[in-house]
Amino acid sequence: MLGGDQRRIDLGVTQVARRPTLTATWDRFVASDPGLLRLMAGVRTVAAIGLALAVLALLGTDVTHMVAGAMAAMVATFAIREKTVRGQAVTLALGLPTALAAMTLGALLHSLVVVGDAFFVALIFGAVYCRRFGDRGTALGLIGFQVYFVSLFVNASVDQLPLLFGTLAIAFACSAVARFALVPQTPQRVLGGLRDAFRARLAQLVDAQTLLLDAAPEDLDDVLDDLRRHTARLHESALMIQGHLEDGARDDAAAALIQRRVADAEVAAERLGMLLLTARSAERADTLTLHLPGAPVPATGKLLRTEDESTATLRRDLGALRLMVARPAEANRGTAVAHVRNRLLGYRDEEAIPPGSTLAVQDVFRGIGEAARAVLGLRLALDGPQDESDDSPATTRSREEFDAEDVSLTSTEKDESEAEDPSGLDRPTTRAAFQVAVGSALAIVGGEFLSSQRWYWAVLTCWVVFLNTASTGEIVVKGYRRLLGTVLGVLAGVALAGAVGQHTWVAFVLVLVCVFAMFFTAPLSYALMSFFVTAMLGLLYTLLNTYSLDVLVLRIEETALGAACGIIAAMLVLPVRTDRRTDELLATVLERLGEVVAGAVEQLSGGPAVDLLDKARDLDTALEDLRASVQPLTHPITPLRERRQTARYLVALLETSAYHARSLAATAELVPYSKRIGADPRLARAAQRIDHNIAVLVAHVNETDTTGRVESGASITAMLETDGLGMPAANTVTFRVLRHLQRLDENITGLARPLDVPVGPRV
């Protein structure tokens, strides 16, 4: 009976990932939208607007006030980003009086042009400055600015204030109903969705690795692109989970456990991809291939052949691993399934590796065993205890290792120290507040020359190009994307306005569609979001009977003016050059990298246990910030192609180094309580050159000492041979750690060339 079940599973697992089922389609969607955050944001905003429109329609409100209510409901919903339900409720309650005050001032200053413009600039300064007070300050500043903008859009006057107050109250009430009743968002729900997305993306990565196994040489480029994309998406999901653990987990111990299991699964999956790539290559593959788009594809060797029995076994086991990842916990039961799991975990023992395969292929089998262990740990952390009746000795040992790790979490203490915040004009929010205020003043003056009625579009564009940007280059790129989306949106607005005509409710339905698309696409493409915003505005003008082609053309002109004013202000007022910003972030990444490597090596050498996963998380966060800051340098519109290639190469080297650092940290975390992993004091000496070279790079980037030289010389592995004890045996933990250290040493030395740091032997 067992053999029959086993054969059915072995025959079926390789087809599961390719079967076009509804579940597979949903998994792909979940993976594309981690935690369904974009979907829920769009649905929640549409629900708030739709509910507000329904209530206002039942009360017999005119179209102008319905438009004001819809815009207010949208602002009240998307502005609030706090994680806890209580925090959201408090901010929403404070948002209503803020909105009422903004609407009142907008109506009172409607006819006072100079005073009104001066107040608008002051309001913009305050709204941006409030970002220093966290999510609540950001939300209240955004509500104040946007509601004042609504007052300009609907030409609010003093005699309309009572009706507008009622409209705002209804809009905020409907936003509360949508947020807390119709489409609730709790930290636990968000974390649960992100965990599902992580599993779905992990399954997709295993699918891509299976394709790598069978890819023809001419298809290897496309397969590697897919592998890079899915590896990056898995890392993105891991970062998002880490960002929501503090509020979403039931306690600190559970948060630490999930963080550790997610990190283990990510490292194991990425390592499996590298082992497969090496097995497909004529020589050991460069880790950089997984992180640099356009990197040379390694020459295909004869280590794997389609007709080999080992290849068929690998294909079967990758399918089994995919099944372990994707199957729900309640469906992952039964003797046959347990047998598959036990077989994969058995690859952690040398005697279980299939005989007759090459060393590179044997490494892949070991990688599958480590990945299966990581998946088991992830299931235990996310789904709780599971059936142990059919466990093999290898599975039992893995569970015992997890139990030992869990006990260690209770004694782990987090380092609560934080870097000192800058003060005065060095604070980013203060600098941005002055910049956007000056830019808005320029936009008001220029906008008045274009149109005395709709000058505020230039101000809005100037405002939005400063949101979530930190350098002049980022503002330039965002302004370009805003203008591109606006031009395309005007064309769509012309078509939609002509199709809608005088059908009010059809226009409102299309507005809701545009709102949903706007929020769903916002994290993916700012240009696409701007397209839907402009298309929505064309519909709103149609509802207000103020639509014309001239109005939409004016929208393009005001957008271009606002973007130009923002760029001018960013260049002239307390400018932060892209080079300066990237240098600061690069130094931070290198410092975090040094901390992770030093902490991991110290623990692997027998030193005291430290919280390496938190250090690795800080490294990932710093690298994500750097990746965002170099976008102006890597954007297609950048004229300096050599700088673009250098920036891409630099980031790829750092991503590769971060992967090896995460692997070291994950291995070092096992040392204090593992029976199979022992400390090796020799590793501390082997890593000394890495520590020195990172310090030299940081000093050069910060320009504190430009006389240092990056040391080169014998390989890390060769340095150990001088101690008389010889090299550690292949496939031991020390051997694996040395490979990571060797790659780190090569990558850090490789960073010296693009950073113009001299390289030479130790003198």
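Just so we're clear, the structure is a prediction, and the values are computed from it rather than from any experiment. The chain is numbered in sequence order, starting from 1.
The shortest distance between side-chain heavy atoms of Ile556 and Leu483 falls below 4.5 Å. The side-chain heavy atoms of Phe520 and Phe532, taken from C-beta on, include no pair separated by under 4.5 Å.
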ask   = After noting the C-alpha distance and the side-chain angles of Phe434 and Tyr129, does the key distance pass the ring-ring contact (aromatic ring centres under 6.0 Å, His included) rule?
value = CA-CA 9 Å; Phe434 279 105; Tyr129 186 79; 8.5 Å; no
key: Arg555/Glu558 under salt bridge (charged side-chain N to carboxylate O under 4.0 Å, His left out): CA gap, chis, key distance, verdict   = CA-CA 5 Å; Arg555 161 80 171 156; Glu558 296 279 3; over 6 Å; no
ask   = Given Thr486 and Ser530, is the side-chain hydrogen bond (donor to acceptor under 3.5 Å, both in side chains) satisfied, shown in steps?
value = CA-CA 6 Å; Thr486 299; Ser530 300; 5.3 Å; no
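Heavy atoms only, all atoms of each residue included: Gly87 and Glu82 are closest at O-OE2, 2.9 Å. When all heavy atoms of Thr534 and Gly485 are compared, the closest pair comes out as OG1-O, 4.4 Å.
Residues Ser629 and Arg581 bring no donor and acceptor atom of their side chains to less than 3.5 Å of each other.
Aromatic rings from Tyr148 and Phe119 are positioned such that their centres are separated by under 6.0 Å.
Taking 4.0 Å as the cut-off between side-chain N and carboxylate O, Arg233 and Glu236 do not count as a salt-bridged pair.
Here the OG1 atom belonging to Thr472 is positioned 7.0 Å from the CD atom belonging to Gln435, to the nearest 0.5 angstrom.
Of the candidates Trp455, Phe120, Trp457, Trp457 is the only one forming a ring pair (Phe, Tyr, Trp, His ring centres under 6.0 Å) with Phe149.
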